[in-house]
Q: 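The structure that follows is given in the form of structure tokens.
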Amino acid sequence: GRLEANRLTGLGMGSVDQTAIDPDRGIGFDNVASVDLVLGDGVDTLTVVGTSTSTRIDARGGRDQIVLGDIAPGGGLAAIGAPLVVLAGADGGDLAISSGARADLTLDRVDSVRGRVTEAGATGRVDFEGFSQIAVTLGGADDALRIVDTVTTVDVRTGGGADAVTIDDISHAVSVRLGPGADSLVVRDAGAELSVFGEGGASDRDALTLDLSVRTAAVTSGAVNGSGSAGSLTGFTAGAIAFDTVEDVSVLLGSGNDTVAIGHSLAATDVAIEGGAGDDSFRVTAIGAGLTTLTGQDAFDTVTVVIPGV
């Protein structure tokens with residue numbers, strides 16, 4: 001089915017084929033106080049491209065797929081003009097968020113079970129609940145995505161363009177696949193596992209920054225490891241951060257007395273660590289072919305380089 005601001009099509013209306021959408025058959029509405037759509041117990045697919053009044057969708061049984069927006073050029077969530085609530089059924093479901101137009105999205109949560117997505121250019125918002133996973137797919141523009149926190153697993157594909165992704169925190173596993181273009185990902189905390197995949201273009205460098213600069217608690221067992229194109233940042237956050245084919249990786253530490261071990265053989269990744277305030281300790285056992293930079297900044301900092309056989 002397809003739900004637009006003032007029209008509902010598909011869902012078997014006008015065709016015996018339940019998967020077909022006849023644009024000449026459906027339900028039109030205008031100047032109504034609310035829209036309440038209840039799906040059946042089958043495996044349904046519904047695309048929502050716009051709302052003009054308070055709307056509630058109850059997916060009921062079956063692992064349904066709800067698509068918000070459209071990956072086609074010009075598509076997105078800008079036409080969400082009124083609050084929308086989407087409820088998955090007992091079987092869970094998949095929520096896909098797509099934007100072919102330039103996006104400025106925020107993914108957040110209202111509480112531990114209800115999530116929320118907003119688009120800066122839309123007057124409405126979308127609240128969702130009960131979904132097994134969230135997939136965010138962006139187009140070829142220079143998009144912005146902020147993840148404040150999560151209620152389920154999230155998979156992000158940024159598409160083309162110079163995209164900027166910010167993660168304040170995550171409570172569930174998240175993967176971010178950076179597309180063509182010089183993309184940036186800034187992470188401020190990770191309560192669950194985070195996986196980051198770069199595109200590996202010849203000239204467009206992807207950047208991952210773990211920004212803990214406002215943190216006062218010490219990092220006691222931070223570690224930078226990896227080999228080839230794949231590496232990891234562990235001990236900095238509750239969830240490990242894995243990365244692959246990312247050209248620039250930076251860690252900005254806070255004011256605590258931090259301890260970090262550097263032992264990687266990354267082939268084409270530059271690593272930079274800034275200690276911030278506090279008496280920081282860096283222990284280096286191996287570095288890869290790229291540039292590794294350690295900056296102590298304030299207070300009394302120590303770098304220990306372990307040379308095997310010496």
Side-chain angles (χ1 to χ4, degrees), residues 1-15 18-72 74-101 103-138 145 148 150-152 154:
R2 182 180 177 89
L3 178 62
E4 302 175 31
N6 299 103
R7 188 170 177 80
L8 175 66
T9 54
L11 300 176
M13 292 183 287
S15 175
Q18 296 292 306
T19 64
I21 296 178
D22 186 341
D24 298 323
R25 298 288 187 271
I27 301 172
F29 51 88
D30 195 13
N31 293 321
V32 297
S34 63
V35 172
D36 197 348
L37 175 60
V38 180
L39 302 179
D41 291 331
V43 179
D44 305 305
T45 300
L46 177 67
T47 299
V48 182
V49 295
T51 58
S52 59
T53 188
S54 179
T55 302
R56 181 180 182 271
I57 299 171
D58 187 346
R60 293 289 180 94
R63 181 159 178 157
D64 305 305
Q65 182 181 47
I66 306 298
V67 180
L68 303 176
D70 195 334
I71 196 59
L77 273 64
I80 302 295
L84 169 63
V85 176
V86 186
L87 306 176
D91 298 318
D94 302 314
L95 180 65
I97 302 168
S98 302
S99 182
D104 188 352
L105 297 172
T106 299
L107 187 63
D108 198 355
R109 68 183 202 172
V110 180
D111 52 39
S112 61
V113 296
R114 176 164 288 198
R116 174 172 291 173
V117 60
T118 56
E119 159 62 49
T123 56
R125 66 174 186 268
V126 182
D127 288 353
F128 55 89
E129 190 174 314
F131 287 91
S132 307
Q133 63 180 9
I134 309 296
V136 180
T137 304
L138 305 177
L145 170 65
V148 180
T150 60
V151 294
T152 189
V154 179

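FYI, the numbering just counts along the sequence from 1. No hydrogens, no waters, no symmetry mates; every other heavy atom, side chains included, goes into these values.
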Q: Distance-only, no hydrogens or angles: does the S99 side chain make a donor-acceptor pair with backbone N or O of L138 under 3.5 Å?
A: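 Not at all, since once roles are kept as given, no pair shorter than 3.5 Å links the two residues.
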
Q: Which residues pass the side chain to side chain donor-acceptor pair (under 3.5 Å) test with Q65, sequence neighbours left out?
A: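 With sequence neighbours excluded, Q65 shows a side chain to side chain donor-acceptor pair (under 3.5 Å) to no residue whatsoever.
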
Q: Measure the CG-CD1 distance between L46 and I66 for me, rounded to the nearest 0.5 Å.
A: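 That separation rounds to 4.5 Å.
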
Q: In chain order, what residues pass the salt bridge (charged side-chain N to carboxylate O under 4.0 Å, His left out) check against D127, with sequence neighbours excluded?
A: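 D127 satisfies salt bridge (charged side-chain N to carboxylate O under 4.0 Å, His left out) with R116, R125 only.
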
Q: Run the side-chain contact (heavy atoms from CB on, under 4.5 Å) test on I134 and V151 for me, step by step, so that the C-alpha distance in whole Å, both residues' side-chain angles and the decisive distance to 0.1 Å come before the verdict.
A: CA-CA 9 Å; I134 309 296; V151 294; 5.9 Å; no

Q: Taking only residues two or more places apart in sequence, or in another chain, which ones meet T9 in a side chain to side chain donor-acceptor pair (under 3.5 Å)?
A: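 With sequence neighbours excluded, T9 shows a side chain to side chain donor-acceptor pair (under 3.5 Å) to no residue whatsoever.
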
Q: Which residues satisfy the side chain to side chain contact (heavy atoms under 4.5 Å, CB included) test with T55, sequence neighbours excluded?
A: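 Residues passing side chain to side chain contact (heavy atoms under 4.5 Å, CB included) with T55: L3, V35, T51, T53, I57, L84.
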
Q: Kindly determine whether L107 and L105 satisfy side-chain contact (heavy atoms from CB on, under 4.5 Å), including the steps that lead there.
A: CA-CA 7 Å; L107 187 63; L105 297 172; over 6 Å; no

Q: Give every residue pair that meets the salt bridge (Lys or Arg N to Asp or Glu O under 4.0 Å) criterion with at least one member in residues 45-65, sequence neighbours excluded.
A: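 Output for this query lists D36-R56, D58-R60, R63-D94.
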
Q: Ignoring hydrogens, what is the shortest heavy-atom contact between S132 and G92? Give both atom names and the distance.
A: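 Between these two residues, the closest heavy atoms are OG-CA, 3.6 Å.
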
Q: Using every non-hydrogen atom in the two residues, find where A82 and S54 come nearest and quote the distance to one decimal.
A: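 A82 and S54 have their closest heavy atoms at CB-N, 3.8 Å.
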
Q: Just to verify, what does R7 make a salt bridge (charged side-chain N to carboxylate O under 4.0 Å, His left out) with, not counting sequence neighbours?
A: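 Residues passing salt bridge (charged side-chain N to carboxylate O under 4.0 Å, His left out) with R7: none at all.
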
Q: Please identify which of these residues, V117, T118, L145, meets the side chain to side chain contact (heavy atoms under 4.5 Å, CB included) condition with T106.
A: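 That would be T118.
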
Q: Which heavy atom of T123 sits nearest a heavy atom of G81, and at what distance?
A: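 So the two residues come closest at OG1-O, 3.1 Å.
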
Q: With side chains defined as the heavy atoms from C-beta onward, is the minimum distance between V154 and Q133 less than 4.5 Å?
A: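 The answer is no, as the side chains (C-beta and beyond) never meet within the 4.5 Å cut-off.
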
Q: Determine whether I97 and L77 make a side-chain contact, defined as any pair of heavy atoms from C-beta on separated by less than 4.5 Å.
A: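 Contact flag for I97/L77 side chains = yes.
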
Q: Tell me which pairs pass salt bridge (Lys or Arg N to Asp or Glu O under 4.0 Å) where either residue lies in residues 79-91, with sequence neighbours left out.
A: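 Non-adjacent pairs meeting salt bridge (Lys or Arg N to Asp or Glu O under 4.0 Å): zero.
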
Q: Using side chain to side chain donor-acceptor pair (under 3.5 Å) as the criterion, list what pairs up with S52, not counting sequence neighbours.
A: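 S52 satisfies side chain to side chain donor-acceptor pair (under 3.5 Å) with N6 once adjacent residues are dropped.
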
Q: Listed by chain and number, what are the side chain to side chain contact (heavy atoms under 4.5 Å, CB included) partners of D111, not counting sequence neighbours?
A: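 V113, R114.
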
Q: Considering all heavy atoms of both residues, which atom of L39 and which atom of A59 are nearest to each other, and what is their separation?
A: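 Taking L39 first and A59 second, the nearest heavy atoms are CB-O, 3.7 Å.
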
Q: As a quick check of understanding, evaluate side-chain contact (heavy atoms from CB on, under 4.5 Å) for V110 and E129, giving each step before the final call.
A: CA-CA 10 Å; V110 180; E129 190 174 314; over 6 Å; no

Q: Rounded to the nearest 0.5 Å, what's the gap from CG on L68 to CG on L95? Could you check?
A: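 Reported to 0.5 Å precision, the distance equals 5.0 Å.
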
